[in-house]
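Below: one structure, written as structure tokens.
Every chain is numbered from 1, with letters handed out A, B, ... down the list of sequences.
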Amino acid sequence: MSYNFKAIETKWQANWSEQQTYRAENQSSKPKYYVLDMFPYPSGAGLHVGHPLGYIASDIVARYKRHKGFNVLHPQGYDSFGLPAEQYAIQTGQHPATTTQKNIKRYREQLDRLGFSFDWSREVRTSDPAYYKWTQWIFLLLFDHYYCLDNNKAQPISQLVRQFEESGNQAVNAVCDADTPLFSATDWKAFSVEDQQQLLLHYRLTYLAESEVNWCPALGTVLANDEIVNGVSERGGHPVTKKSMKQWSMRIGAYAERLLQGLDGIDWPDSLKEMQRNWIGKSVGANVYFDVEGHDATIEVFTTRPDTLFGVSFMTLAPELALVQEITTKAQKAEVTAYVEKTKQRSERDRQADVKSITGVFTGAFAIHPFTQEKVPIWIGDYVLAGYGTGAVMAVPCGDQRDYDFAKYFNLPIPNIFEGVDISQEAYAEKGQTPLCDSDFLNGMAYQEAMQKVIEALESSKKGKGTVTYRLRDAIFSRQRYWGEPIPVYYKNMLPFPLSIEDLPLELPEVEKYLPTAEGNPPLGNAKQWGWDLAHRKVVSSDRIDHQNVFPLELNTMPGWAGSSWYFNRYMDAKNDTSFAGEEALNYWQDVDLYLGGSEHATGHLLYSRFWQHFLFDLGLVPVSEYAKKLINQGMILGESTIAYRKTGTNTFVSKGLVNDQTVESIRVDVNLVNSSYELDIEALRQWQPQFADATFELEDGKYFVGTEVEKMSKSKYNVVNPDAICDQYGADTLRMYEMFLGPLEQAKPWNTAGISGVHSFLKKMWRLFHEGDQWRITEDDPSPEALKSLHAAIKKVTADIEQYAFNTCVSTFMICVNELSAIKCNNRAILEPLVVLLAPFAPHLAEELWEKLGHTNSVTQVAYPIHEEVYLTETVKSYPISFNGKMRFTHDFPLDMDRAAIEKEILSAPQTQKYLEGKIPKKIIVVPGKIINIVV
RNA sequence: GCUCGGAUGGUGGAAUUGGUAGACACGUUGGACUUAAAAUCCAAUGACCAUUGCGGUCGUGCGGGUUCAAGUCCCGCUCCGAGUACCA
């Protein structure tokens with residue numbers, strides 16, 4: 001009987017599904033272990049071989065932990081709201097729910113074929129109203145809270161209102177918009193309800209505000225910064241411009257410090273933590289106030305180097321600042337206005353691309369230095385960004401290269417405040433031990449001391465204060481799209497009011513078309529049923545909107561990251577319809593022990609989800625503030641595109657080796673038309689696309705060879721390899737092991753099937769250990785010491801490697817073990833039974849089959865993992881490699897129990913040693929126990 | 001520019017963290033079994049020199065250093081990848 005992987009895999013997949021083998025319980029005497037994959041977006045293209053890489057790794061860990069006695073939660077679901085389904089709907093008119101449903105079905109079939117041990121009873125779909133009800137619920141909670149800086153957590157907005165009623169907002173220490181006006185308790189009470197609502201929006205953790213957004217006219221939607229690559233949209237590559245719109249935002253900035261601190265406590269890759277730190281971009285420094293000569297205005301600048309305050313020779317403001325118009329003198333007015341206009345016209349893209357050229361205009365105004373009272377000219381320049389710090393810079397040309405270049409270009413003075421430093425060529429930006437000079441009370445101090453002294457002086461003279469600035473911007477939460485969660489808000493007098501929790505879910509309405517409306521409203525503007533009947537608390541026809549009893553509902557939907565920002569909690573109690581997850585379940589599962597996914601989510605999903613978790617933690621709704629203890633980024637599996645060369649302007653293809661310096665165009669051809677030695681099937685190419693039907697070919701040795709390029713797998717590059725074909729040919733167990741064998745999990749690697757036969761023949765060899773032809777050959781005899789040693793070496797290495805997620809070396813270890821056992825024709829149950837269990841996380845179908853044939857009725861999943869024992873052969877000698885001056889020369893055997901002195905004595909008298917010593921006397925003998933003996937001559 | 005990460009045979013990659021570099025696999029070559037193929041098994045396979053045999057020299061991107069001993073640690077570069085950027 002040969003290894004019939006097809007029959008085995010079908011049989012066990014059906015069995016697992018029937019028996020619900022991998023169902024996790026929310027209570028258990030066993031310790032818990034939660035392994036999570038980033039859930040996929042079910043795209044129309046289906047799975048390719050790159051997708052399962054992480055799933056296979058997490059599945060191995062999940063299965064391993066079950067063997068190790070853990071109650072394992074290993075769920076899977078779908079991030080099923082998203083743009084592709086919507087664009088497909090626009091093109092075809094098919095409802096996104098329909099295509100999503102179809103795609104999910106296909107994903108599920110493909111996933112099932114790979115034998116994953118997911119607990120499908122906990123499946124979630126972000127587009128399911130039973131799920132997004134709770135996404136909307138979290139939105140309402142965010143709306144109903146503000147961030148209190150006194151106790152550093154989110155607090156109910158009602159508490160803030162109480163403070164306003166008692167003493168206004170002067171004394172309130174909370175995160176709010178920079179332009180929040182000050183008011184007293186009396187003012188507050190005198191405000192209309194609308195005014196009060198408007199003011200509260202300055203504090204809410206999700207708020208509606210006029211903001212500059214990245215508007216993509218072609219897609220008719222707003223894009224987040226991370227959805228824009230090189231100034232064009234990530235999807236489709238359409239141009240993006242700036243536009244001011246009323247948008248929902250998330251006050252993630254309130255959590256900047258905690259998101260930064262939280263990184264220290266979690267085991268995530270350093271590179272990813274570094275990315276998040278950079279994204280949050282904390283800068284410590286000071287704000288300094290400069291009076292403007294002849295004006296009431298004060299300019300507030302942010303600087304990380306207040307210690308260089310006495311080196312200021314001019315100031316630069318962002319052209320967009322309103323203040324610029326106020327202070328500009330008559331003489332400079334025309335020039336300044338022209339410059340401001342020019343800046344507005346320059347797109348973000350131009351401004352980014354053109355970092356070299358220096359531009360700026362003098363406003364004619366002067367600021368007064370807070371300490372020296374000297375006049376400092378005020379300039380504007382577009383290298384200063386309105387959105388960062390205060391949009392104003394105190395320029396210290398001797399200490400900052402950009403200020404230096406600006407000063408050189410416009411012939412402004414460059415006073416030197418660094419003792420003994422030459423600044424004739426470039427600025428001195430180091431924060432070292434160099435003492436300051438010409439700096440009044442800071443003279444002689446170096447960076448650290450000066451920082452402290454100057455901030456003290458600024459604060460005591462009320463000329464400034466020590467501050468911390470973050471680069472992290474609040475996240476825009478509105479999308480002008482159909483296929484997303486509706487935002488549960490209605491409008492009364494242009495102001496947003498939340499639905500109540502009992503009204504959720506607010507279900508996505510039907511629309512006739514998925515495009516923006518004629519008036520430029522989002523697609524939900526097309527909905528016939530999108531009015532909110534406040535008295536009856538239900539959605540009614542849009543025609544009935546009268547702004548008295550029936551109000552318009554929000555037309556924007558939530559962005560893609562909303563649903564994925566809390567799904568890991570939902571898996572703990574996925575069926576709960578009275579809360580987002582039950583308290584008991586949350587307390588039992590706590591957090592994710594191992595989270596696997598790509599690093600491309602570093603500053604998107606992985607930051608937003610941490611933010612929501614911190615918020616939910618503040619409200620006491622989840623037990624931990626960081627939801628994933630350990631995170632691994634699996635590397636992408638890249639495709640190997642195959643390229644044919646066509647002589648430009650002809651339909652003649654030249655084989656790779658003949659191209660030389662002919663002018664050819666590179667054409668990607670479907671990888672499936674090329675065999676493993678890169679020879680193109682010419683007939684298949686002719687049939688593939690009509691344009692190649694009459695192509696001619698210049699061949700090498702009668703064959704056409706293609707070139708290759710490694711790049712991301714994508715349908716449009718014809719380099720997608722589908723796992724189904726591999727499963728058909730070799731089986732899921734082979735594919736699972738091969739993907740692990742390909743290389744370290746974290747590393748990006750190109751897909752090629754060159755080595756797959758080696759892994760497949762390993763599994764066949766494993767099968768043959770149990771069979772002799774058609775005969776079962778297992779005996780109950782006692783195993784040989786060699787077999788025991790081989791088994792236990794494998795147990796030790798595999799266990800250690802799984803713990804370190806080094807799955808590639810696990811596969812090698814299995815191969816070595818099976819090779820050794822088959823060489824000694826081992827057929828003992830005592831050896832092979834533990835080996836089956838050892839292999840089970842990697843090749844679960846084969847393991848189940850062999851386990852059953854070994855006479856067991858339970859699933860191998862329930863069996864304890866084998867434990868390593870030291871096995872000694874009846875050796876009495878230990879072979880040491882002997883080296884001279886570090887150079888290995890020969891090996892020598894010593895009795896096991898020989899002590900060091902005796903070893904040294906014996907090695908010196910060995911004839912081999914004499915040969916290498918050549919009569920010299922060794923200076924030193926180094927014996928590294930168990931490893932090596934080195935003789936220094 | 002800055003911040004991370006990397007570079008090991010023809011190829012993918014190992015190397016217990018300073019101790020016999022190249023495990024395991026692919027590929028290649030030769031052999032066995034077959035009428036033949038497939039499958040399977042055995043042997044060789046870093047480079048160079050020497051081959052009658054023993055053997056020798058070099059070798060982990062480059063140049064230095066520390067050490068009895070360096071792929072691994074330190075200093076200085078080169079190239080590649082990822083992220084990010086007029087961030088004050």
(request) Compare all side-chain heavy atoms of A:V759 with those of A:M815 and state whether any distance is below 4.5 angstrom. (result) yes
(message) Quick one, A:F842 and A:V798 - any side-chain contact, counting heavy atoms below 4.5 Å?
(response) yes
Can you tell me the distance, in whole Å, between the [atom1] atom of [X] and the [atom2] atom of [N]?
X	N	atom1	atom2	value
A:K931	B:U16	NZ	P	9 Å
A:L763	B:A25	CG	P	13 Å
A:M275	B:A85	CE	C1'	15 Å
A:F890	B:G55	CZ	P	13 Å
A:H760	B:C24	NE2	P	21 Å
A:Q276	B:C4	CD	P	17 Å
A:E820	B:C24	CD	C1'	12 Å
A:M737	B:C26	CE	P	14 Å

(request) Using heavy atoms and a sub-4.0 Å distance, could you list which residues of residues 266-273 of chain A are near RNA chain B? By number, please. (result) A:S271
Nearest-Å distance once atom [atom1] is located in both [N] and [M]:
N	M	atom1	result
B:G10	B:A47	C1'	13 Å
B:U28	B:G83	P	37 Å
B:C62	B:C58	P	15 Å
B:U45	B:G22	P	12 Å
B:A82	B:G31	P	47 Å
B:G65	B:G59	P	14 Å
B:G71	B:U8	C1'	7 Å
B:C68	B:U52	P	42 Å

(message) Quick check for you: to the nearest 0.5 Å, what is the distance between A:W379 atom CH2 and A:T363 atom OG1?
(response) 9.5 Å
(request) Calculate, to the nearest 0.5 Å, the distance between atoms CG and OG belonging to A:L272 and A:S599 respectively. (result) 7.0 Å
(request) Start with the C-alpha distance between A:D400 and A:Y428, add both sets of side-chain angles, then the distance that settles side-chain hydrogen bond (donor to acceptor under 3.5 Å, both in side chains), and finish with yes or no. (result) CA-CA 7 Å; A:D400 180 282; A:Y428 177 78; over 6 Å; no
Quick check for you: among [options], whose closest atom lies nearest to any side-chain atom of [X]?
X	options	result
A:I932	B:G19, B:G83, B:U3	B:G19
A:R471	B:C26, B:A85, B:C86	B:A85
A:T809	B:U84, B:A14, B:G19	B:A14
A:V928	B:C26, B:G56, B:G19	B:G19
A:N808	B:A14, B:U20, B:C24	B:A14

Assess the side chains of [X] and [Y]: does a donor N or O sit below 3.5 Å from an acceptor N or O?
X	Y	answer
A:Y470	A:E257	yes
A:N287	A:E300	yes
A:T359	A:Y339	yes
A:S879	A:D893	yes

(message) Which heavy atom of A:M713 sits nearest to which heavy atom of A:L638, and what is that distance?
(response) CE-O, 4.0 Å
(message) Restricting to non-hydrogen atoms, name the atom on A:V927 and the atom on A:E904 that form the minimum distance, rounded to 0.1 Å.
(response) CG2-CG, 4.2 Å
(message) On the nucleotide B:A88, are OP1 or OP2 found under 4.0 Å from the side-chain N or O atoms that A:T390 carries?
(response) no
(request) Ignoring backbone atoms, test whether A:Y388 places a side-chain nitrogen or oxygen under 4.0 Å from the OP1 or OP2 oxygen of B:A88. (result) yes
(request) Determine the contact category for A:D403: base if any of its heavy atoms lies under 4.0 Å from a base atom, sugar-phosphate if only primed atoms, P, OP1 or OP2 are that close, otherwise nothing. (result) nothing
(message) Does A:Y916 reach a base, just sugar-phosphate, or nothing at all? Heavy atoms under 4.0 Å.
(response) sugar-phosphate
(request) Would you classify B:U17 as syn or anti? Syn applies when the glycosidic angle is within 90° of 0. (result) syn
(request) Identify whether the glycosidic angle of B:G64 places it syn (within 90° of 0) or anti. (result) anti
With a 6.0 Å cut-off on ring centres, are [X] and [Y] close enough?
X	Y	result
A:F314	A:F406	yes
A:W751	A:Y738	yes
A:H760	A:Y730	yes

Contacts under 3.5 Å, N or O only, protein and nucleotides 40-45 of chain B:
{"unit_1": "B:U40", "atom_1": "O3'", "unit_2": "A:R768", "atom_2": "NH2", "d": "3.3"}
{"unit_1": "B:C41", "atom_1": "OP1", "unit_2": "A:R768", "atom_2": "NH2", "d": "3.4"}

(message) Heavy-atom nearest nucleotide on RNA chain B for A:V393 versus A:S599: which residue maps closer to 5'?
(response) A:S599
(message) Under the side chain to side chain contact (heavy atoms under 4.5 Å, CB included) test against A:N827, which residue among A:H771, A:R777, A:E772 passes?
(response) A:R777
(message) Could you walk me through whether A:Q729 and A:I756 satisfy the side-chain contact (heavy atoms from CB on, under 4.5 Å) test, starting with their C-alpha distance in whole Å, then the side-chain angles of each, then the deciding distance to 0.1 Å, before giving a yes or no?
(response) CA-CA 11 Å; A:Q729 202 180 344; A:I756 202 165; over 6 Å; no
(message) Reading 5' to 3' and counting Watson-Crick or G-U wobble pairs with both distances under 3.5 Å, write the dot-bracket notation for RNA chain B, | for bases paired outside the strand.
(response) (((((((..(((......[....)))((((((.......))))))((((.....))))..(((((..]....))))))))))))....
Can you pull every protein N or O that's under 3.5 Å from an N or O on nucleotides 65-70 of chain B?
{"unit_1": "B:C68", "atom_1": "O2'", "unit_2": "A:N934", "atom_2": "ND2", "d": "3.4"}
{"unit_1": "B:C68", "atom_1": "O2", "unit_2": "A:N934", "atom_2": "ND2", "d": "2.3"}

(message) Run the side-chain hydrogen bond (donor to acceptor under 3.5 Å, both in side chains) test on A:Y388 and A:S283 for me, step by step, so that the C-alpha distance in whole Å, both residues' side-chain angles and the decisive distance to 0.1 Å come before the verdict.
(response) CA-CA 11 Å; A:Y388 183 76; A:S283 310; 2.9 Å; yes
Return the polar atom pairs (N/O with N/O) between nucleotides 8-12 of chain B and the protein under 3.5 Å, or none.
{"unit_1": "B:G12", "atom_1": "O2'", "unit_2": "A:L742", "atom_2": "O", "d": "2.9"}

(request) Only counting residues at least two apart or in another chain, list the ones meeting ring pair (Phe, Tyr, Trp, His ring centres under 6.0 Å) with A:F302. (result) none
(message) Could you check whether A:R277 pairs with A:D264 (Lys NZ or Arg NE/NH1/NH2 to Asp/Glu carboxylate O, under 4.0 Å)?
(response) yes
